[in-house]
Amino acid sequence: MAIADPMDAEMRQVDEVIHRRLTSNVALINQIGHYIVSAGGKRIRPRLVLLFAQALGFDGPQRFELAATVEFIHTATLLHDDVVDESSLRRGRQTANALFGNAASVLVGDFLYSRAFQMMVSVHKPRVLEVLADATNVIAEGEVLQLMNMHDPDLAVDDYLRVIRYKTAKLFEASARLGAVLADAPPALEEACADYGRSLGTAFQLVDDLLDYEGDTHALGKNVGDDLREGKPTLPLLLAMERATDDERAMIRGAIEHGETARLADIIAIVRRTGALQATREAARVEAEKARRSAMALPGNSGREALLELCVRSVERSS
Ligand code: GRG
């Protein structure tokens, strides 16, 4: 018998807000919105809002509104990202762009994004607006930086890390910070929460990038090898180039420069053989350990325990 997750009831309340706030008089918005939201997703960002609120003793209903808000922002970025990347599979289903077209995906992403702003305003806390306005701006910067780095086999690891801090870790940071803001935590404690989110988000994206080489399309719900097909220089490829033979390095460089489909299997095999995936997971473990240390600033309670457990689960995952 499966053990019930103590957060299940709380997450159901978030889902209730998500479905209520998804509603529009425009039929296509309802159709695409429900299509992507009902496919699930791990809901890790809303979980962070709730766990930080819980750890800091805040139990007002605003936590559900903000948890749903960050999931809407996340979902909007996925809709836009799948258009940019021309992805065809997400959450085990055809992407919205594959099914409904690019224009509909971008525009429904805009709906979710602007609905998220309506929701955050409803909480009546200027600091919440500041946190999310800053976060969404940085996410967009991260995506543009990533675009500029495409097809660059000489990308420095620090520049790769900057992209993942911006495009992914920033929303984790904001989610954690919002729990602290709701609880009116003192500035030093708010910063510790933000540090946790930033480190966990960095670890999460490192694993996301390694699963693109190690994972299984069925379990991941998205196509393995997409980053390589696009010529995206992520850490597994950068590390594989450092460790490969000259011929292999030349093959990987060519793949990044031109995008690769023909030698996809060979390059995946090189990445796996050189230990680049274990090294990427190790880098994720280092970030998760930073997150764990930041969480120790929280009072010792079940919320903190769940946040510590999340550090392990986010890194040792296979989907
Ligand atoms: C609309 C503010 C705004 C910006 C648009 C396109 C874009 C700029 C940003 C995209 C950022 C992006 C997609 C980052 C990757 C984040 C990531 C790790 C996605 C996968 O997250 P999971 O695994 O997904 O939590 P599920 O499906 O579980 O929800």
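Whatever order the structure lists ligands and atoms in, that order sets their numbers, starting from 1.
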* Asked: Going through the checks in order, is the salt bridge (Lys or Arg N to Asp or Glu O under 4.0 Å) test met by K167 and E143?
  -> CA-CA 6 Å; K167 76 167 186 173; E143 238 354 60; 5.0 Å; no
* Do R45 and ligand 1 have an N or O pair less than 3.5 Å apart? -> yes
* **Atom indices of ligand 1, in the order listed, that fall short of 4.0 Å to a heavy atom of I139** => 9 (C)
* Structure fact -> Nearest non-hydrogen protein atom to atom 11 (C) of ligand 1, with distance, is E143 OE1, 3.6 Å
* Check whether NZ of the Lys or CZ of the Arg R165 lies under 6.0 Å from the centre of the six-membered ring of F172 and within 45 degrees of that ring's axis. => no
* How close does the nearest protein non-hydrogen atom get to atom 24 (O) of ligand 1, and which residue and atom is it? -> H74 NE2, 3.5 Å
* Below 4.0 angstrom from a heavy atom of T168, which ligand 1 atoms are there? Numbered from 1 as shown, please. => 14 (C), 15 (C), 16 (C), 18 (C)
* Min side-chain heavy-atom separation L200-C311 under 4.5 Å -> yes
* Structure fact -> When distances are taken from atom 23 (O) of ligand 1, the protein heavy atom at minimum range is K42 NZ, 2.6 Å
* **Other residues, nucleotides, ligands: >12 heavy atoms within 6.0 Å of M148 CE** => no
* Structure fact -> Here the pair of heavy atoms bringing A76 nearest to G109 is CB-O, 3.4 Å
* To do: Tell me which protein heavy atom sits closest to atom 3 (C) of ligand 1, plus the residue, atom name and distance to 0.1 Å.
  => T77 CG2, 3.8 Å
* Aromatic centroids of F100 and Y35 separated by under 6.0 Å -> yes
* **Minimum non-hydrogen distance to atom 27 (O) of ligand 1, winning option of R43, E71, R91** => R91
* Structure fact -> In terms of its nearest heavy atom to atom 5 (C) of ligand 1, the top option of H80, Q205, K222 is H80
* Counting from 1, what ligand 1 atoms have a heavy atom of G41 closer than 4.0 Å? -> 26 (P), 27 (O), 28 (O), 29 (O)
* Asked: Tell me, which protein residue and heavy-atom name are nearest atom 2 (C) of ligand 1, and how many Å apart are they?
  -> Y113 CE1, 3.6 Å
* Would the F58 and F52 ring centres measure less than 6.0 Å apart? -> no
* Asked: Is atom CZ of R162 surrounded by more than 12 heavy atoms (other residues, nucleotides or ligands) closer than 6.0 Å?
  -> no
